[in-house]
Novice: 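Take a look at this one; I'll ask things after.
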Amino acid sequence: MKRIFKFLSSIKLAIILLIILAAASILGTLIPQGRSLEEYTARYGMLSGALIKLQLTTLYHSVWYLALLFFFALNIIVCTLTRLSAKLNRASRPKVESEAKALQALKNKDRIKRNAPLQAAQAETVARLKASRYKIRTSAAGNRVSLLARKRIAGIFGSDVVHVGLLVILSGGVISGLTSVRQNLEMREGQVVSIPATDFSLRLDKFTTLYYPDGSVKTWISDLTVLEGDRTVLTRKVEVNRPLNYKGFNFYQTSYGYNWDSPAVEIGAKKKSDPAYAKKVKVKVGERALLDDKDQLTVSVVRFLPDFVLGEGNQPETRSLQPNNPAALVEGFRGGEKIITGWVFANYPDWDQMHSANAKDKAAPTDLVFQLKSFEAGQFSVLEAAKDPGVPLIWIGCVLVMAGFGLAFYWPTWEIKAVFEETLGKTDIVLGGLAAKSRESFAVEFEAVAADLRRSK
Amino acid sequence: MSESTLFGLAFILFCLAALVYLAFQFSKKSSLANVGFWIAAAGLTSHTAALIFRTISSGHAPFTNMFESMSFLAWAILLAFLIIDRKYKIPRIGAYILLIVIGIVALASTPLMPKEATPLVPALQSYWLWLHVSVTMLGEAFFAVAFIASIMYLTAKEPEKKDKMDSVGYRCVAVGFPLFTLGGLIFGMVWAYKAWGTYWSWDPKEVWSLITWIVFALYLHTRIVMGWKGKRSAIIALIGFLAALFTYFGVNYLLAGLHSYA
Ligand code: HEM
């Protein structure tokens with residue numbers, strides 16, 4: 001039992017664990033994580049089964065990686081606790097008594113003979129050390145007085161504060177892993193979505209996409225209203241990097257999408273025989289609109305595909321929901337008679353695929369050419385709703401870690417010890433100094449103190 | 001003066017400072033070390049002005065593409081060196097630092113690196129971009145100085161020089177480690193949380209930052225608790241800087257495809 005405890009508290013274990021954690025983490029960046037079985041089979045062939053069994057494809061959530069983290073946490077707890085009581089004792093009940101011999105074995109040391117009684121020499125020393133902000137304790141035994149002067153004692157707890165901070169971060173991570181929820185929300189303008197397991201719902205009032213002059217997206221703005229029942233609680237603009245926080249939930253703007261249900265399409269018409277002829281009309285998919293009064297020409301849009309491809313069996317379909325290759329299937333009518341039909345493409349205005357609607361003379365060229373001039377589709381907002389109760393602990397832990405760094409590296413604890421001994425009205429002062437950090441600056445200060453004591457009358 | 005004039009002027013001053021530091025290396029005249037310091041400081045000032053000009057004209061932080069980011073890294077390394085040199089007097093590594101700075105600036109200036117400032121995608125439009133990148137790079141810059149000090153330690157012969165390089169290496173880590181933790185890990189987590197709602201997603205860049213951080217934690221513990229010093233410390237600091245370098249370049253180029261920051 002004792003041996004296990006000792007092992008758990010050892011820095012050796014810490015070093016082994018850190019090396020294994022680093023090596024495992026590297027492995028996780030070399031093997032793509034969380035992909036499909038097909039992808040692993042294509043990449044690793046026979047090996048893929050073994051990789052999946054060893055959880056190397058979800059490495060950071062694997063049982064063994066979590067076990068490593070668990071032992072790492074245990075190591076920190078045991079190691080920090082076992083050292084803490086000694087440190088607390090050192091801070092609150094230090095040993096003031098010292099031996100002149102012991103002081104002379106220290107790295108910083110000095111010996112001063114003062115032509116003054118002990119009390120005067122001691123008072124001078126205390127005053128000098130106080131001037132340098134040392135806190136002082138003394139103890140007397142017979143004709144000998146010991147003095148302990150220290151400053152910035154909190155510095156010795158720097159490492160403990162860091163370690164506690166790390167534990168707080170790890171526990172925040174555990175809580176996040178067990179309790180966080182997130183959900184994708186695709187919202188159209190006017191739509192109300194109730195948030196599961198809460199008493200409120202969210203309404204998208206307006207969705208705006210702003211573009212840079214070069215056409216790339218600058219930002220998406222969702223005007224959101226929080227509703228409790230029918231009551232409006234608050235309205236807010238949500239953008240990327242500016243989430244809305246309400247009752248523990250955060251709502252993030254993540255992306256956008258097009259609503260292709262009934263886009264409005266602008267169709268243009270030309271005549272090969274008459275270059276001056278140009279007509280335009282806006283029409284919704286599934287509807288029919290008058291193009292040319294004189295000719296009694298009407299046009300209807302039967303179908304619209306944002307990203308046209310010819311799929312299986314040469315059937316038109318859309319590859320994505322992005323308007324990469326917008327195409328419309330249009331029909332032209334003269335009076336009541338359908339005269340022409342075909343696909344038109346926004347990106348290829350001169351692509352002439354129109355043919356006669358009459359099955360008999362399909363091959364016959366037509367004079368009329370339609371073009372897909374433009375289209376308008378509503379955009380919907382893609383938001384993410386997330387609730388993560390572990391987050392506050394993460395931030396608290398981060399603050400502790402940084403505070404601990406400050407203490408460990410920039411709040412060096414310095415100690416000066418002195419032993420005074422009086423013989424025949426003269427006092428012998430032996431000084432010794434200890435600094436675990438910033439030894440050079442400490443040596444300078446130590447020497448200045450000794451020099452001042454030597455100089456004083 | 002324009003950004004490119006100032007940038008060019010900085011480059012010339014860096015080259016001059018490198019020459020002066022090299023001259024110091026051979027002659028050991030301390031006045032030369034002083035001259036080298038001030039020329040390098042003038043170069044840094046000019047480089048700073050160039051970065052400010054770029055920020056004003058592009059309207060965003062000067063580290064959003066590879067050219068800008070490398071130029072900023074060179075700036076940070078020189079700044080870290082000048083700070084450490086003022087405190088601990090290490091002109092002997094000046095020549096190497098300036099050669100690295102010149103190397104990075106030269107690499108950043110090759111035609112392969114796109115230079116025009118492009119508009120920022122939505123996720124990058126945040127003041128956290130400033131905090132996250134600048135503090136991380138400053139931390140990495142101190143690791144770079146520790147790296148040079150470690151190489152000097154390993155190659156030096158005189159014990160006095162070795163001691164100095166060992167303690168300079170530690171000082172740099174004592175500054176770089178908290179900065180890297182704050183900028184790379186903590187500010188990174190805060191920003192990720194603000195932008196995407198998860199503070200940690202095991203993205204390769206995040207994981208490599210963590211690995212870098214673990215290496216420097218090993219440096220500190222072997223040194224403080226186990227009393228490792230000198231050679232072994234120097235080697236760990238070397239590995240740590242290489243890990244930081246891989247986090248910076250390697251993840252983008254070698255592990256590309258797995259990684260997609262918006
Ligand atoms: C990667 C995670 C860790 C970090 C970032 C960390 C950080 C630190 C820091 C900053 C110090 C102070 C160093 C100095 O005074 O210069 C320290 C000291 C120390 N750490 Fe850690 N630590 C980690 C993990 C561990 C673990 C797992 C152990 C378990 C054995 C441990 C044991 C110690 C000990 C014994 C000290 C000695 C200093 C003292 O007692 O004040 N550390 N650590």
Side-chain angles (χ1 to χ4, degrees), chain A residues 11-12 14-15 18-19 21-23 25-26 28-30 32-34 59-61 79 159 169 172-173 176 180 182 210 212-214 216-220 239-243 250-255 384-388 390-391 394-395 398-399 401-402 405-406 408-410 436-437 439-440, chain B residues 88 118-129 167 171 173-175 177-179 181-182 185-187 189-191 193-208 210-215 217-218 220-222 224-226 239 243 246 250-251 254-255 257-259 262:
Chain A
I11 194 77
K12 270 212 186 97
I15 285 164
L18 285 174
I19 292 175
L21 274 171
S25 305
I26 292 175
T29 64
L30 299 178
Q33 297 288 300
L59 190 148
Y60 305 110
H61 309 281
C79 170
S159 60
I169 291 174
S176 292
S180 72
R182 54 185 47 251
L210 297 180
Y212 288 112
D214 74 357
S216 57
V217 172
K218 183 173 184 201
T219 190
W220 302 291
E239 276 182 77
V240 182
N241 278 313
R242 284 192 194 80
N250 277 307
F251 297 95
Y252 299 90
Q253 182 73 57
T254 56
S255 183
E384 184 154 86
K387 181 175 178 158
D388 189 342
V391 166
I394 301 291
W395 305 148
C398 289
V399 170
V401 166
M402 289 314 295
F405 282 161
F409 295 121
Y410 300 102
K437 294 283 167 63
R439 298 206 182 93
E440 294 85 354
Chain B
Y88 302 107
T118 46
L120 290 188
V121 298
L124 290 182
Q125 297 164 24
S126 167
Y127 56 87
W128 287 102
L129 172 67
S167 86
R171 302 283 165 181
V173 174
V175 182
F177 188 61
L179 284 176
T181 309
L182 183 68
L185 297 170
I186 299 182
F187 286 169
M189 288 199 290
V190 176
W191 189 13
Y193 181 68
K194 283 213 100 170
W196 301 297
T198 37
Y199 51 84
W200 193 266
S201 38
W202 297 107
D203 168 287
K205 196 121 181 160
E206 290 172 356
V207 174
W208 271 96
L210 185 67
I211 292 162
T212 305
W213 185 76
I214 288 178
V215 175
L218 282 169
L220 285 177
H221 287 79
T222 50
I224 303 289
V225 189
M226 307 195 10
I239 296 173
F246 190 80
V251 173
L254 299 178
L255 300 179
L258 310 182
H259 170 85

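In what follows, every chain begins at residue 1, and chains take the letters A, B, ... in the order their sequences are listed. Bear in mind that the values here come from a model prediction, so they are computed numbers and not experimental data.
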Novice: Rounded to the nearest 0.5 Å, what's the gap from CD1 on B/Ile211 to CD1 on A/Ile26? Could you check?
Specialist: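 Separation between the atoms: 4.5 Å.
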
Novice: Using a cut-off of under 4.5 Å on heavy-atom pairs, state which of B/Thr198, B/Leu185, B/Leu210 scores highest against chain A.
Specialist: B/Thr198

Novice: If you define the side chain from C-beta out and look only at heavy atoms, does anything of B/Tyr193 sit under 4.5 Å from A/Asn250?
Specialist: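 B/Tyr193 reaches A/Asn250 side chain to side chain.
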
Novice: Which residue out of A/Phe251, A/Tyr410, A/Trp220 racks up the most heavy-atom pairs below 4.5 Å with chain B?
Specialist: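 Highest number of pairs under 4.5 Å: A/Tyr410.
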
Novice: Mind ranking B/Gly197, B/Ala195, B/Ala217 by heavy-atom pairs under 4.5 Å with chain A and telling me who comes out on top?
Specialist: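 If we count pairs closer than 4.5 Å to chain A, B/Gly197 comes out on top.
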
Novice: How close do A/Thr29 and A/Tyr60 get, heavy atom to heavy atom, and via which atoms?
Specialist: N-OH, 3.4 Å

Novice: Counting only heavy atoms closer than 4.5 Å, note whether B/Ile224 contacts chain A via side chain, backbone, both or neither.
Specialist: side chain

Novice: Looking at A/Cys398, A/Ala385, A/Ala14, A/Pro213, which makes the most heavy-atom pairs under 4.5 Å with chain B?
Specialist: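 Max contact count across the listed options: A/Cys398.
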
Novice: Do B/Trp208 and A/Ser25 have side chains that approach each other closer than 4.5 Å (heavy atoms only, starting at C-beta)?
Specialist: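 Counting from C-beta outward, B/Trp208 and A/Ser25 never come under 4.5 Å.
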
Novice: Does any heavy atom of chain B fall under 4.5 Å from the side chain of A/Asp388, the backbone, both, or neither of them?
Specialist: side chain

Novice: Within the structure provided, determine whether B/Gln125 and A/Val240 are in side-chain contact (heavy-atom separation under 4.5 Å).
Specialist: no

Novice: Does some side-chain heavy atom of B/Glu206 sit less than 4.5 Å from a side-chain heavy atom of B/Ser201?
Specialist: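 Contact flag for B/Ser201/B/Glu206 side chains = yes.
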
Novice: For A/Arg182 versus A/Ala386, what's the shortest heavy-atom pair and its separation?
Specialist: NH2-CB, 3.7 Å

Novice: Quick one: of B/Trp200, B/Trp128, B/Trp191, who has the most non-hydrogen atom pairs under 4.5 Å with chain A?
Specialist: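 When all of B/Trp200, B/Trp128, B/Trp191 are compared, B/Trp191 has the most.
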
Novice: Measuring heavy-atom distances to chain A, does B/Trp213 have an atom under 4.5 Å in its side chain, in its backbone, in both, or in neither?
Specialist: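 Only the side chain of B/Trp213 comes within 4.5 Å of chain A.
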
Novice: Out of A/Val401, A/Val217, A/Thr254, A/Ile394, which one racks up the most heavy-atom pairs below 4.5 Å with chain B?
Specialist: A/Ile394

Novice: Any idea how A/Phe409 and A/Phe405 line up, ring-wise: parallel (<30°), tilted (30 to 60°), or perpendicular (>60°)?
Specialist: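 A/Phe409 and A/Phe405: tilted rings.
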
Novice: Given heavy-atom pairs under 4.5 angstrom as the criterion, report whether the side chain, backbone, both or neither of B/Met189 touches chain A.
Specialist: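 Both backbone and side chain.
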
Novice: Quick check on the interface: out of A/Ser159, A/Ala22, A/Ser216, A/Ala436, who has the most heavy-atom pairs with chain B under 4.5 Å?
Specialist: A/Ala22

Novice: Can you name the closest pair of heavy atoms from B/Tyr199 and A/Ser176 and give their distance?
Specialist: OH-OG, 2.6 Å

Novice: Please look at A/Ile169 and chain B and tell me whether the side chain, the backbone, both or neither of the residue comes under 4.5 angstrom of a heavy atom of that chain.
Specialist: neither

Novice: Which bit of B/Val215 is near chain A, if near means a heavy-atom gap under 4.5 Å: side chain, backbone, both or neither?
Specialist: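 Neither the backbone nor the side chain of B/Val215 comes within 4.5 Å of chain A.
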
